[in-house]
Amino acid sequence: MLTRRLVVGAVASLVMAGAAEAQDWKSKYSEIVYAIIPSENASGVTDRWTPFVNYLSKELGTKVTLRIANDYAAVIEGQRSGNIHIAQYGPSSYARAYTTGAKIEPFAIESNLDGTKGYYSVLWVKANSPYKTIEDLKGKNLCLVDPNSTSGNNVPRFSMNKMGIVPEQFFGKVVYAGSHENAVLGVQQGTCDAGFNWWNDEQESNLLRMAAKSMIKAEDFRMIFKSDQIVNSPFAYLTDLPTDLKAKIKQAVLDMPKKDPEAFKKIYDGKQGPWQPVDHKAYEPIVELNAFVDSLRKKS
C-alpha cells in the first residue's frame, strides 16, 4: 500500500510540475510573435496568415501576433534579438539567420501535393520577347528578389556562376526588387527584361498566385530557366523557448492541416501538402550555398 501511495504521489507531482511549467511560460510569454518573410504585398500576407495565427493562439492558449517584415533581414534580426519567437523563412534566409548567430531551430517544412519537399528557381521574361536563354540577356536588366532570397538570388547566382556569368558584369543593371511579386512586376513594367522567382510546378507558383489576384496575366510570361530542386521553406522557433512551449508550437503547426483544413487551404490556395517535421540537417547544403555566394560577392 505504501508503495502504491508513493507512486501515485510521484505521478501527481509530475503532473503538477508540468502544469506549473506551462503556467510559467504563459506568464513570461503573454504574447508570441510570428513573422514571415515578404513574398507578396502586405494585404496578401495578412489574408493568408491571419487564420493561422488565430488557430495557433487558440491551440497555445496565448496571444499570437502576426508580424509582416519589410525585408528578409528584418526577420533575421528579429529572431537574432529574440523579439520574434516563430518565423517562416526561405531556405537561404533561415541559413543566414543560423550562421549569423540567431539561436533558432527549424521544426516544420512545407511539402508539395506529391509529397516532395522542394521547389525551383525560375527566370521569367515577357512571352513576346526574343530571349530564349540567359545568355541572350547580355547587357539587359535583371530583377533579383532580395540578397537573402534562395530562389530569387542565391540559387540564380550559383547557377550563373557555373555558366561563367558574373551578373554585375554581364547584365546592364541588376535590381533587387524586394519581393517575388515586385520582381515579376519589374518584368511586366519593363524595369527589367527578366526576373527570377519561385516555382513549384505547373499548378503552383508566385506567377499563378499573382494571376489569381488579377495582378498579371500568366500567359504574358515565358520561363527560360529552371534550377535544380531546392529544399522547401522551414518554420523556426527560438531555441531557448521553454521545452513545453516548443513542443506545443510544433504539434499545433503539424496538426493544423487536419484540425483547421480551411485555414490551411487559404494559406496555399489548396496547392500544398501538409507541413512535415524537419531539423537543421536538411538545410546544411543551403548553409554551404550561402557561403559560396558570399565568396562570389567578395571576389566581385
Side-chain angles (χ1 to χ4, degrees), residues 37-39 69-81 87-106 109 117-124 133-180 182-183 186 192-199 224-234 236 239 278-300:
I37 57 174
S39 59
N70 291 327
D71 55 28
Y72 289 55
V75 179
I76 295 171
E77 183 54 38
Q79 286 219 286
R80 195 160 51 202
S81 65
Q88 191 180 27
Y89 287 100
S92 283
S93 53
Y94 160 74
R96 181 69 62 196
Y98 177 86
T99 56
T100 55
K103 296 179 179 179
I104 55 177
E105 302 171 34
I109 184 175
K117 301 182 182 73
Y119 69 113
Y120 302 87
S121 171
V122 299
L123 184 61
W124 296 113
T133 67
I134 292 179
E135 287 82 354
D136 294 337
L137 292 163
K138 184 174 179 61
K140 305 301 180 182
N141 294 341
L142 175 71
C143 269
L144 297 173
V145 174
D146 182 282
N148 289 305
S149 172
T150 312
S151 60
N153 183 67
N154 287 359
V155 168
R157 286 184 179 275
F158 176 74
S159 300
M160 287 187 284
N161 181 73
K162 290 194 293 185
M163 301 175 193
I165 293 174
V166 178
E168 282 72 18
Q169 298 173 10
F170 182 83
F171 297 100
K173 183 186 295 184
V174 176
V175 178
Y176 280 118
S179 73
H180 287 272
N182 285 344
C192 295
D193 298 285
F196 279 98
N197 239 255
W198 68 265
W199 185 92
I224 64 169
F225 169 83
K226 186 175 80 170
S227 72
D228 293 335
Q229 194 174 60
I230 308 162
V231 64
N232 272 347
S233 299
T239 300
V278 78
D279 58 27
H280 175 73
K281 187 175 181 180
Y283 296 96
E284 288 177 352
I286 305 298
V287 172
E288 294 176 7
L289 172 65
N290 280 6
F292 176 81
V293 173
D294 289 346
S295 71
L296 293 182
R297 289 173 181 159
K298 290 177 182 178
K299 289 178 182 177
S300 63

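Every heavy atom of this structure was used, including side-chain atoms; hydrogens, water molecules and symmetry mates were not.
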Could you check if a side-chain atom of [X] sits within less than 4.5 angstrom of a side-chain atom of [Y], using non-hydrogen atoms only?
X	Y	value
Phe292	Phe158	yes
Pro167	Met160	yes
Ile230	Pro91	yes
Lys226	Trp199	yes
His280	Tyr98	yes

*asked:* Looking at Tyr283, I'd like to know if its OH atom is crowded, meaning that more than 12 non-hydrogen atoms belonging to other residues, nucleotides or ligands lie closer than 6.0 Å.
replied: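 Atom OH in Tyr283 is crowded, with more than 12 foreign heavy atoms closer than 6.0 Å.
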*Considering residues, nucleotides and ligands other than Asn70, do more than 12 of their heavy atoms fall under 6.0 Å from its CG?*
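Atom CG in Asn70 is not packed in, count stays at 12 or less.
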Taking atom [atom1] of [X] and atom [atom2] of [Y], what is their separation to the nearest 0.5 Å?
X	Y	atom1	atom2	answer
Leu289	Ile286	CG	CD1	5.5 Å
Glu168	Leu296	CD	CG	10.0 Å
Trp124	Cys192	CH2	SG	16.0 Å
Asp228	Ser159	CG	OG	7.0 Å
Tyr119	Gln229	OH	CD	10.5 Å
Leu137	Ile165	CG	CD1	8.5 Å

Over all atoms of both residues, closest heavy-atom pair of [X] and [Y]:
X	Y	result
Phe196	Ser151	CB-O, 3.8 Å
Thr150	Gly90	OG1-C, 4.0 Å
Ala194	Leu123	CB-CD1, 3.7 Å
Ser121	Val155	CB-CG1, 3.8 Å
Asn232	Gly118	OD1-C, 3.1 Å
Leu144	Ala183	O-CB, 4.3 Å

Is a donor from one side chain sitting under 3.5 angstrom from an acceptor on the other, for [X] and [Y]?
X	Y	result
Tyr89	Gln79	yes
Asn161	Arg157	no
Ser92	Asn290	yes

Keeping the roles fixed (side chain from [X], backbone from [Y]), state whether a donor-acceptor pair exists under 3.5 Å.
X	Y	value
Ser149	Val145	no
Arg80	Thr100	yes
Asp193	Lys140	no

_Candidate pair Val175 and Asn141, rule side chain to side chain contact (heavy atoms under 4.5 Å, CB included), full reasoning_ = CA-CA 8 Å; Val175 178; Asn141 294 341; 5.6 Å; no
_CA sep, side-chain torsions, deciding dist, call: Ile109, Val231, side chain to side chain contact (heavy atoms under 4.5 Å, CB included)_ = CA-CA 9 Å; Ile109 184 175; Val231 64; 3.8 Å; yes
_Chi angles and distances behind the side-chain hydrogen bond (donor to acceptor under 3.5 Å, both in side chains) call for Tyr176, Asn153_ = CA-CA 9 Å; Tyr176 280 118; Asn153 183 67; 2.8 Å; yes
*Check the pair Ile37, Asn148 against side chain to side chain contact (heavy atoms under 4.5 Å, CB included), reporting the backbone distance first and the verdict last.*
CA-CA 10 Å; Ile37 57 174; Asn148 289 305; over 6 Å; no
_Apply side chain to side chain contact (heavy atoms under 4.5 Å, CB included) to residues Met163 and Glu135 and explain how you reach the verdict._
CA-CA 9 Å; Met163 301 175 193; Glu135 287 82 354; 4.1 Å; yes
